[in-house]
Amino acid sequence: MPDPMKIRATVVGDSTEVRVLMSHEMETGQRKDAQGNVIPAWFIQNVVVAHKGRPVLNAQWGTAIAKNPFLSFKFKGGAKGDKIEITWVDNRGEKRTDETAIG
Amino acid sequence: MQNMRRKVLKAGGGVALYALLVAAGWLKPGDAAAQSWNKSAFEAKTLDEALKVFGGGSSAQSKDIVFVSTPDIAENGAVVPIGITSSIPKTEAIAILIEKNPNPLAAIFEIPPGTEPAIGTRVKMAQTSNVYALVKADGKYYVASKEIKVTLGGCGG
Amino acid sequence: MRIHRRGALPVLALSVMVAAAALAQGNAVDEIAKYRAALQDGNPAELWEARGADLWKQKRGPKNASLEQCDLGLGPGVVKGAYAQLPRYFSDADRVMDLESRLVWCMVTLQGFSQADAVKRPFGGPDQKSDMEAYVAYVTSESRGARMNVSLDHPKEREAYRLGEKMFHFRGGTHDFACATCHGEDAKRIRLQDLPNLTQTAGAQKAYTTWPAYRVSQGELRSFQWRLNDCFRQQRFPELIFTSDASIALTMFLARNANGAVFDAPAIKR
Amino acid sequence: MQRLPIARIAAAGATVAAAVLATILGCATAPSDDDINAKAAAVLRASFKEQGQAKLDRLAQDDTQKTCSQYSGKAVPKDAAERIEKANLASIKWPADGNYLGDWKNGERIAQEGRGMQYSDDPKGPVGANCYACHRLSPQELSFGTIGPSLYQFGKVRGYTDEVRKYAYGKIYNAEAYSACTNMPRFGHSGILSQQQIRDVVALLMDPESPVNK
């Protein structure tokens, strides 16, 4: 079971700013272990952020996103207490969904 | 080099690009159920190949795409902060490409209406390279680039 | 340098070159500062803090107990501000302990782990996470904003400080390095990284209050024990034993030198 | 190594502060400096374990290391400095053919390489001198340290003479022969670099074609 995300969503003016940290190795598939074997690629491929069920960001990621990924963006609207839900899916099909209330 | 790249940027066909973007889900922002991942674009080995597969069709250099909170020099290539803001009306998507990475395409962000065309993330860079911000807006393609130097840090071992 | 410079011209040329280099360097240093500033916005150390806070409450070990009653020096169960007063002398163990050695003590006495099990995975790697580093992230985060206040009241605390100072200046290994080689003077750098002068208050304060840290080069949160361990690796010494007396003495020397500063970690570093 | 007067004063200040502290805390019962030195050595021995190529003998100090530890952060007394420089100068093995100059391109690789002799390093893997960690050399490399002086235009400024080449070779082989208690490792004396590798680094400093002299 992957570790939970840290999500911060705050109202800034007439927008909501969302900042997320995810716990993931983001292994490139380019590295070798001590025995010289290639460490297989293992990385988040899709991220969806929804505000009250409506998607506000869709992302596709490759192996170049840094380990323990960080993402920030803003969307118009959003009020204190609204639910923000984030889901990621990696190339092994592993999935994690976390939610927070806009603060 | 710079000229060659521009040519490639212009050479890609708009029609092929459109088809690929539909496949990639670019043109269906907000459709969370239709999760997809543009395998051929992400697995392309060169910038030209990535752009060809994935379009960038008749993309024009644009001053309306700005790198924010993006340093000229990275103290470590494992984590390089990248911020991209587009002030081009009807921006629908932003992609990050790193020319000298083994797979240049790093990320595609679909921007549904109501979401500001400004994203921040962190990428890995294998070495000093040009980084491209490719923006799709109102069906057209725009690009901006910036060189980021990757330094060797610390005690070196 | 004992070789004499010849004539005025090369010296002039040299000074022009040095000025140009200083300019290029200045830009590089400014840009590195921008890089560091851009990283502050989201510190993955928070992922470790959250995991540590969760683990802290979990019942674990042969005694099926949590660490909630662990005494970090301010009484059982008090975590807030405890790290800013470590290392310190603990009468129950009759030993000066830093955070990690105290956590091992609590894992053994409260949870019933063997000493060997408690120190089995001090640092995380690509294959496995370290619970110890998660505990360290959580406990240290509870001292963020507290003022460093390390005591030398007990004779064993004073002894640890003096031993730590000696070890700081101990030169050895194939390269003749001591801690002082890199950290004994002001305003020096390795490559582009500033080296704090740990023998002076300002340098010790700046360095000590920003560990532990999420190291972007490793994608891991690193504890102060790790910091010492990896310095010695690069000094070409053998491996520093986790929570050994030397590691605690050195920590005492550095933590005490940082007294008065506001603790501000877990931080994020290169 | 030349210490700035300010550093010396600050170091002296720290010593005074320590003495005052000891007095306040009741130095009558405090262990002597010799006691602490003996205990520190014992604690160090018990606090390390051998790992990879780094065995516990790396904690055994020679006279140079021991004396320089004693005077770390302070001025080294003149007689001690002379003793160290003399012994280390005598240890230098000069190339039998009198050729000090190798290949500067290989010298640049050695100057960039930070690995070698750490317990985490493959004993058969590359061993470098990591010159850039402490020195400025080729102007193209912006990531350089400042623990040592800039060596940019080393040969150009000093002249491409045999005397300077020999000095550079000796300094890299055993820096303690020229400046007691320097921060610089003794690359030849301690078996870090081979004779040919030292020649290559000398070439980086002394070859007119080296980027260092451009």
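Keep in mind the model is a prediction, meaning the values are calculated, not measured. Per chain, numbering begins at 1; letters A, B, ... match sequence-line order.
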Measure distances from [X] to the heavy atoms of chain C and classify the residue's part below 4.5 Å as side chain, backbone, both or neither.
| X | result |
| --- | --- |
| D:K39 | both |
| D:I192 | side chain |
| D:Q53 | neither |
| D:A41 | neither |
| D:D33 | both |
| D:Q61 | side chain |

I need the [X] [atom1] to [Y] [atom2] distance, nearest 0.5 Å.
| X | Y | atom1 | atom2 | answer |
| --- | --- | --- | --- | --- |
| D:Y132 | C:L192 | OH | CG | 13.0 Å |
| D:S47 | C:D245 | OG | CG | 5.5 Å |
| C:R158 | D:I36 | CZ | CD1 | 11.0 Å |
| D:Q51 | C:L240 | CD | CG | 12.0 Å |
| C:L163 | D:L44 | CG | CG | 9.0 Å |
| C:Q234 | D:S120 | CD | OG | 8.0 Å |

Counting neighbours of NZ on D:K86 that are heavy atoms of other residues, nucleotides or ligands and sit closer than 6.0 Å, is the number greater than 12?
no
Between [X] and [Y], what is the shortest heavy-atom contact and its length?
| X | Y | result |
| --- | --- | --- |
| C:T181 | D:I147 | O-CG2, 4.3 Å |
| D:A111 | C:R191 | O-NH2, 4.4 Å |
| D:Y119 | C:F237 | CD2-O, 3.4 Å |

Toward chain D: residues of residues 168-178 of chain C with heavy atoms under 4.5 Å:
C:H169, C:F170, C:R171, C:G172, C:G173, C:T174, C:H175, C:D176, C:F177
Output the option from [options] having the highest count of non-hydrogen pairs under 4.5 Å with chain C.
| options | value |
| --- | --- |
| D:S69, D:G191, D:C68 | D:S69 |
| D:G52, D:A54, D:P139, D:C134 | D:A54 |
| D:A46, D:G116, D:S190 | D:G116 |
| D:K66, D:R186, D:E176 | D:R186 |

Partners of C:C182 by disulfide (SG to SG under 2.5 Å), sequence neighbours excluded?
none
Under 4.5 Å heavy-atom distance to chain D, tell me which part of [X] shows up: side chain, backbone, both or neither.
| X | answer |
| --- | --- |
| C:I32 | neither |
| C:N229 | both |
| C:A187 | backbone |

Chain D interface, residue from C:K188, C:E159, C:R162 that has the most non-hydrogen pairs under 4.5 Å:
C:R162
Going through the checks in order, is the side-chain contact (heavy atoms from CB on, under 4.5 Å) test met by C:K166 and D:V43?
CA-CA 11 Å; C:K166 291 288 177 199; D:V43 167; over 6 Å; no
